[in-house]
Amino acid sequence: MDPMDRGMRYTPGSSSDMNWELADTFLPASDNKKLKKKRGPGKVGIIVVVVILAAVLALTIGLLVWHFHFRQNLQSQKIYTGSVRIANQAFVDAYENPDSAEFKDLANQVMAQLKSMYSESPQLSKYYIGSEVQAFSEGSVIAYYESEFAVPAGQEAEVDQAVNRLSSKVRRVGEKQGPLVFDHVVSSALDTRLFSKARASMRYSQHAKSSAEEIITSPGFPDEPYAPNTFVQWQLRGDPGHVLKLSFDTFNLEGNCSNDFVRVYDSLVAVDKHLMEEECGYNSPSNPLNFISSRNVMLVTFVTNEEGNFPGFRARMTQISQDSSDLACGGKLGGTSGSFKSPNFPSYYPPNKTCQWDIQVPDGKHIKLRFTTFMVSTGSLNHCSGDYVQIVGVSTLCGKQPENTIVTVNSNKMTVVFKSDSSQVDQGFSAIYEVFEPTDPCPYKFQCDNKRCINPPLRCDGWNDCGDSTDERNCQCDASMIKCRNGFCKPMFWRCDGVNDCGDDTDELNCGCNVGEFQCNDNQCVSEKLRCDGNRDCKDGSDEDGCSRDICKDSTFLCGNGKCLTKPNPMCDGQVDCEDGSDESNCNCGRKANSKPRIVGGQEADVDEFPWQVSLHIKNTAHVCGASIISEQWIVTAAHCVQDEDKIKYSQPGTWEAYLGLHTQKEKQKATKRLIKQIIPHKNYNANTYDNDIALMELDSPVTFSASIRPICLPTATDVFPAGETVTITGWGATREGGSGATVLQKANVRIINSTVCNQLMDGQITSRMTCAGVLTGGVDACQGDSGGPMSVLSNERMFLAGVVSWGDGCARRNKPGIYTTVPKFRAWIKEKTGV
Ligand code: 4AZ
């Protein structure tokens, strides 16, 4: 069949269009006749002819086999999606219904004209298979279509260029060869992930009603998780003169967008040039995703790969009049101060929007503009080629700018232009302007070197409020502050918290210890009870110096047989130092397999770097909590992870599945999965105070240790982790407060915070079974979803489970450390319950 002469629907991937050109060149047998005439049929001649014939036959067969079996595989299916405006047609309601005669008639005309357009291009005509019109919308009439090509390997770029050339020609001069006048075409190659499943897809079409909202959900929502290998499209429409607003009130997909994703288009067809956003992962209902289209159409596509099992989404669609004040932006602004923001802020702004604000303040004053938030899509080429905010004559901003970015003009007029292009939207900006006297730019305030003005009380308060530290320079420290040698002042309660806040250690020198504590020679404080107990609790061992028992005096390690060793840190260092080998027993743990040189403020862990890390999932759904492997069959987590809630029986072993050896949540299939045989929460766990927040889980069958699955070492009951010591936290939890969980395991280093200081910061909620760790200036912390996971400390090149992620006041906030269950306090309990 002539591929250019197909009906309205085409069959992608048909093999009836094979290219026979090469086969024609495989038949040179006439040469043999010439040989015969010249030389006669001598014996040698016959042999030569037979050999040549055999060779030609073999070559022909080989080439035919290659042609039929492989060559067609070298052709790739390419689908271009696009929209074309038909200038000489008026929209009728029947065009919304693909089964109507009107739709079919116009679709056939569009397809015929597309075919004739492609036939003019030598690069396209030979590979063209067919087109399908998917929808029409108003204005005059816009047709949305897909065109399919079978492109030989290596020709894809040429075909891309030819399609682009054709589109820009139609945009320039129009296309009037048929009865239809095309005057605007947008087209782009369709992502293979969309069309590989598209044929087994579901397609819905919904039209917004004036008053009520329309609801769309992922298949199965809310009763069951979405299925694998799903492809669903929703074509959404509103009345002419309206735009569509789509709000996802629940959004919980797999965290890796290359597996499962939702795409929202400002079109009725999946054309990249109108892709507003691709989303995956989890969005807190308190921070709903919210989109606005530029016209009365929108397309939502939902794609999942072979692994599914996340709850999915629900979105509400409404239509808003294009004249609605909700969409208004720009205008004239005056006075001495004011504010403005991008349309739909803090939700996504619509595509194809231009707003201009003309600010004029009283004569003689100048204007300062402060962006409290700024997130504007940069465009593919960067350099603000996509969306931007232009402060005319001063600067053009795009991308993500730091909080409180300031732009000033030395005049009483300022023009600000916001422009979004047809694709990739973002949350936009919020800006505040105010006047300043040219002679006094920061009245009653402190002016930072970066032009920010800060309230005077923030000066010399220990925090870098300017962003460039200029508010903390040249300070006179009052009695409530520590005077650092380098000139900074820091709050007195940061003194001796084990963290070098000054930057030059001034705040950590000459630190005394509390009542009941012993001060080590290196100023560390340990419990008085640990003095002379035979263990080196101070890092320098000074708690065992001069002990009257005289055991291990000036030595470092008490062996199981009572003998002392003078070697520092002999435990698990790979050499048997005690005669009874007790320094090297129980050491098959904590070894970082890969020890090459949404956790907040962290970074991705290396594969197998933390092989004791476990991801606890509610069966067939998402990651919920972390845990740590301590033996082939036991893992440690937080008691608060296994407390029942309204609907979910977290305390029941049957609720859970544990993934061991997991690196990225998108590759669960590569991990070792275990069900849970029993859960033992600590009997004194207090759900109000989070005291004793620890639980044990027994796996249904033992695991075999490998590079990616190994236990972490358990500390001894007397181990203390002194303030200031660096510990590592790991997990797949949220990467910012209220944000979505991480796909790849995250790691971050924080430091142990002095318990007395921590108790003050946490309003007296810290018990002796809790350890605080964090960065008091904020920015690095465990967060929701990290709970139950390890806080580990390195000693003798092995990692020990110092704590279990338990709770905190938000995540990564200033002066709010993370709180961890102190594992040494539960060492005996772990032994009693598990034998480990
Ligand atoms: C949580 O909800 C959680 N910033 C864990 C740790 C922290 C806060 C919350 C510490 O699982």
Side-chain angles (χ1 to χ4, degrees), residues 252 255 281-287 499 598-602 613-618 621-628 636-645 648 650-651 656 665 681 685-695 697 721 727-742 745-753 755 757-759 761-763 765-767 769-792 801-823:
N252 193 350
Y282 172 76
N283 258 72
S284 153
S286 57
N287 181 22
V499 178
R598 262 178 193 202
I599 302 274
V600 181
Q613 175 81 48
V614 177
S615 170
L616 291 175
H617 286 221
I618 298 287
T621 57
H623 166 93
V624 175
C625 269
S628 306
V636 176
T637 186
H640 82 257
C641 290
V642 293
Q643 302 300 309
D644 287 346
E645 268 177 25
I648 307 179
Y650 290 103
S651 68
W656 295 97
Q665 292 285 345
Y685 167 67
N686 182 327
N688 297 317
T689 62
Y690 279 52
D691 203 8
N692 302 297
D693 189 10
I694 191 164
M697 284 182 167
F721 304 106
V727 289
T728 304
I729 50 176
T730 45
W732 289 275
T735 48
R736 63 184 160 84
E737 190 174 326
S740 49
L745 181 65
Q746 303 286 302
K747 62 175 176 184
N749 283 348
V750 288
R751 281 190 291 181
I752 303 283
I753 310 284
S755 293
V757 170
C758 182
N759 207 26
L761 297 174
M762 304 305 284
D763 306 321
Q765 301 178 78
I766 304 305
T767 70
R769 290 156 296 276
M770 299 176 188
T771 299
C772 308
V775 174
L776 288 185
T777 44
V780 190
D781 199 2
C783 201
Q784 196 180 23
D786 294 319
S787 282
M791 172 177 82
S792 47
L801 185 65
V804 172
V805 180
S806 179
W807 63 281
D809 190 352
C811 305
R813 297 185 187 173
R814 278 180 177 190
N815 277 334
K816 295 292 173 197
I819 316 299
Y820 300 81
T821 313
T822 310
V823 173

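Note that ligands are numbered from 1 as they come in the structure, with each ligand's atoms numbered from 1 the same way. In this text the structure is predicted, and so the values were computed from the model without any measurement. Quick note: numbers below take in every heavy atom, side chains included, and nothing from hydrogens, waters or symmetry partners. Position 1 is the first residue of the sequence; numbering continues from there.
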Residues with a heavy atom under 4.0 Å from ligand 1, by chain and number, are D781, A782, C783, Q784, G785, S787, V805, W807, G808, G810, C811
How would you list, by chain and number, every residue that makes a side-chain contact (heavy atoms from CB on, under 4.5 Å) with T730, sequence neighbours excluded? F610, Q613, T728, L745, K747, P790
pair I648-I618: side-chain heavy atoms closer than 4.5 Å: yes
Taking every heavy atom of S806 against every heavy atom of S787, the minimum-distance pair comes out as O-OG, 3.7 Å
Side-chain (K816) to main-chain (L761) donor-acceptor, under 3.5 angstrom: yes
Would you kindly say whether T821 and D693 are connected by a side-chain donor-acceptor distance under 3.5 Å? no
Please work out which of the three classes, parallel, tilted or perpendicular, describes the rings of Y690 and Y685, given edges at 30° and 60°. perpendicular
